Amino acid sequence: MKSIVGGGPKKLLYTLKTANKIGLLSSAKALNSSNACKACGLGMGGQRGGMINELDEFPSVCNKSVQAQSTDIQKPIPPEIFAHSLDEFRALSAFQLEHLGRLGKPIYKAAGEQHYREVDWDWALDRAAAGMAKVDPDRSFFYSSGRSSNEAGFVLQLMARLYGTNNISNCSYYCHQATGEALGNTVGTGTATVELDDIAHCDLFFLIGANPASNHPRLLHKLIGLRRRGGAVVVINPLREAGLVQFAAPKMISSMIKGGDEVASIYLQPKIGSDIALFTAIAKAVIEKGGSAQAFIAQHCSGYTEFLSHVESQSWAALLDRCGIAKEQVLQVADMYINSQSAIFAWGMGMTHHRHGVDNIEWISNLALLRGMVGKANAGLLPLRGHSNVQGIGTIGVKPVLPSEVYERIEATFGVSLPSKKGMHTLESLERAHEGGIDAALILGGNLYEATPDSKWAAKALDNIGLKIFLTTTLNRGHITGVDSGEVLVLPVCARDEEPEPTTQESMFNYVRLSDGGIERIASVRSEVAILSDIAAKLIPASKINFSEFKRHQHVRDAIAKVVPGLEELADIDVAKREFYVHGRLKHTPEFNTDDGKARFVVPLNAVESGSSQRPFTMMTIRSEGQFNSIIYEENDSYRGVTNRWTVLLNQQDALELGVSEGATVDISSDYGEMRGVEVKLFNLPQGCIAAYYPEANVLSSRLTDPRSHTPQFKSIAVSVSRCG
């Protein structure tokens, strides 16, 4: 059977098909405009022009960019659609909902009703503010996705705090919050320590718990370039992903002609949740081979004595049994690492979606420090962020606890007093809602319902909230599930390239871009910043801050520049057109933002990587090629040969023992729910491990979280699998 190659002609054909569907002129106008890409945090666009990254490389575009444009460039949903009931909307798939069209006017559903209806803007804004005014701020929460701008996020969190609550959160608590906690603890910054150009000059790249062939495809041409100049790529992932084995980079003609380039130099497939055992084994091999960077460790690190003692106390047999990797492969990776002069460690949510997610990232940091690979050029740590501005949303304060310096600057700059009571993180807010303790929620973008584990529980929690206000471009399941009992307003917003004034976004490389906006597609939608400013002005009329002035985005950027360290250059970015790196984060010299100025080795807090269970399988949730976060752009998954999202990936030996073959159906159950009649797809992954699609498999996911990051364990769910019938 011919092996599947990532990228290649099908990527080009898909892009052409989607562009034709939305109109070649419309797609070209959108992609070439001076706006940051709306998809992943890798980043492109901005003031260098569309399809160009910060290295001035052209074309920097991928099918994810085109997918994101495809739903923005839709006509408004016809008003007749809203004659249908919530149950009729719920009969649609996520794909069908996304492709109903853009939301063109505000829609409203009264408490207990089963239909939305269109309303005018003045009525909607008055209703939103009046509804929030009736609620005790402690019984509310505010949430933002990562597609909104820095300007909108800043207004959101400032409004919430002056309203009287720190219950402010963002989608990072369901993705990379573990990264922020771990890196802050080890190297003193919660974000990437490298820039994009470092990848062009490193000689070794660790790709851990991520599938950028589907989720960050423009990274693949960098990895192919690394292989071509003699470097190596170590892939660590339980699933053997086709695009990480071989990839035909569409922007590299030679790669297309020869049918693709090898990506992985070596591909390790540990059992789900066993990463710390594997990292410990690699560290043990490096130490035993005399490969640790003793001078760097002595001068720039603390905690090494305890770390060394811990590693030396671990037995090879136990580590290898736990992770399922042969010692020969571990030693091969150790040799590659010892011979490297500049290594970068990159990871995705396969590392953070565990109860030991923070420990996972601390161990990645341990490995980097062991060879002195943080604090030098072309080496370091790189979390692969999902949404295009999820990092920026956190930087400007959409989180329950502000850094003390930002908190004090806001109070001093505006002459206000902020609430001091500890705010709730994302899942905590929903837990309070499930208990009946939340009366109102304002949700900026995203799909909080489908992003939350334990789907039935999540629907009940959201339904308990008396007033929900959503700001969005298109409808998703979060607008039709968990909304029956309460009052709901859904307000249509501009897409990024439609904003009437410029906005800013921050990439995973800490690079701040300026998006011009300016494209008008639907006259009746409004800027997120304007909507939030109008609600805030009505909700807090006696505030010392004139929120109406924040409808001018420049005034918001002036405020951010005054109160958020590292973002001072925002003040004149729309005049100077000069994009920049957030100060103090890139680590090209061994200077660490810790109390003693040294990076820290950390021995893991959790002795057990995964909880014990009588259920024989461990499930990880996965995204498909035609998907971005919870947004489904197409139903099939071309790289994995899957045409139906109600599918489970199963090891061949496990399938034999279950007595099922490819195409058969099985039932999957956990302590939280079940999926019945799921189609079997045989796949290359370790025995005892299965994979199913997110968000469909969230019905099986638990609400158990990492104790430090509060991130749910989407990637390590104990399940049972049984043959149907």
Side-chain angles (χ1 to χ4, degrees), residues 25-38 45-47 49-50 68-69 71-76 101-106 120-122 124-125 128-129 144-156 158-159 388-389 392-393 396 442 444-445 469-474 489-506 512-538 545-561 570-577 579:
L25 289 177
S26 294
S27 60
K29 182 179 181 181
L31 290 170
N32 281 299
S33 63
S34 296
N35 291 286
C37 175
K38 304 170 189 178
Q47 292 308 293
Q69 294 287 359
T71 51
D72 285 346
I73 307 175
Q74 294 187 93
K75 294 179 179 179
R102 285 281 298 276
L103 188 65
K105 294 182 179 179
D120 66 50
W121 270 108
D122 288 343
L125 295 172
S144 176
S145 81
R147 285 186 75 176
S148 294
S149 65
N150 292 325
E151 291 78 5
F154 186 80
V155 174
L156 176 74
L158 194 59
M159 170 175 65
S388 56
N389 196 41
I393 286 293
I396 52 81
L442 195 156
L444 180 60
I469 302 165
F470 297 98
L471 280 69
T472 187
T473 55
T474 57
L489 272 165
V490 188
L491 307 178
V493 302
C494 298
R496 181 172 300 161
D497 56 7
E498 299 167 351
E499 285 281 354
E501 296 185 18
T503 60
T504 57
Q505 295 77 35
E506 179 188 330
V512 177
R513 286 183 171 83
L514 177 69
S515 295
D516 284 350
I519 297 175
E520 183 177 298
R521 299 189 183 98
I522 304 173
S524 54
V525 301
R526 294 192 181 181
S527 164
E528 291 177 330
V529 179
I531 295 169
L532 294 170
S533 297
D534 279 339
I535 293 175
K538 294 173 183 290
I545 296 175
N546 184 351
F547 277 96
S548 294
E549 290 184 353
F550 277 166
K551 294 170 76 170
R552 294 296 309 274
H553 296 184
Q554 177 58 54
H555 292 165
V556 183
R557 286 191 290 275
D558 285 342
I560 297 172
L570 271 188
D572 66 350
I573 191 173
D574 63 328
V575 176
K577 305 291 185 182
E579 298 167 323

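Only a predicted model underlies this, so the values are computations on that prediction, with no experimental measurement involved. Below, all heavy atoms of this structure are taken into account, side chains as well, without hydrogens, waters or symmetry copies.
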Would you check if [X] and [Y] make a side-chain contact, meaning some heavy-atom pair closer than 4.5 Å?
X	Y	value
Arg147	Thr473	no
Ile535	Leu125	yes
Val493	Val525	no
Arg513	Thr504	no
Pro492	Ser524	no
Phe550	Ile545	yes
Lys105	Ile522	no

Distance, nearest 0.5 Å, that separates [atom1] of [X] from [atom2] of [Y]:
X	Y	atom1	atom2	value
Glu528	Ser148	CD	OG	3.5 Å
Ile396	Glu151	CD1	CD	8.5 Å
Glu499	Ile519	CD	CD1	12.0 Å
Gln47	Asn35	CD	CG	8.5 Å
Leu570	His553	CG	NE2	13.0 Å
Asp534	Arg526	CG	CZ	6.5 Å

### Query
Between Ile393, Asn389, Leu471, which is the residue that forms a side chain to side chain contact (heavy atoms under 4.5 Å, CB included) with Ser144?
Ile393
Write down the atom of [X], the atom of [Y], and the distance for their closest heavy-atom approach.
X	Y	result
Ser149	Val529	OG-CG2, 4.3 Å
Gly46	Glu579	CA-OE2, 3.5 Å
Leu514	Asp574	CD2-CA, 3.7 Å
Phe547	Ala537	CB-N, 4.0 Å
Lys538	Ala129	CB-CB, 3.5 Å
Ser533	Lys551	CB-CG, 3.5 Å

#### Entry: Ion pair check, Asp72 and Arg496, cut-off under 4.0 Å
no
### Task
Salt-bridge test for Glu501 and Arg557: reply yes if a basic N is under 4.0 Å from a carboxylate O, no otherwise.
no
### Query
Does the side-chain contact (heavy atoms from CB on, under 4.5 Å) test come out yes or no for Val512 and Gln505, once each step is laid out?
CA-CA 6 Å; Val512 177; Gln505 295 77 35; over 6 Å; no
So, does [X] use its side chain to make a donor-acceptor pair with the main chain of [Y] at under 3.5 Å?
X	Y	result
Glu549	Val556	no
Ser515	Gly517	no
Trp121	Ile531	no

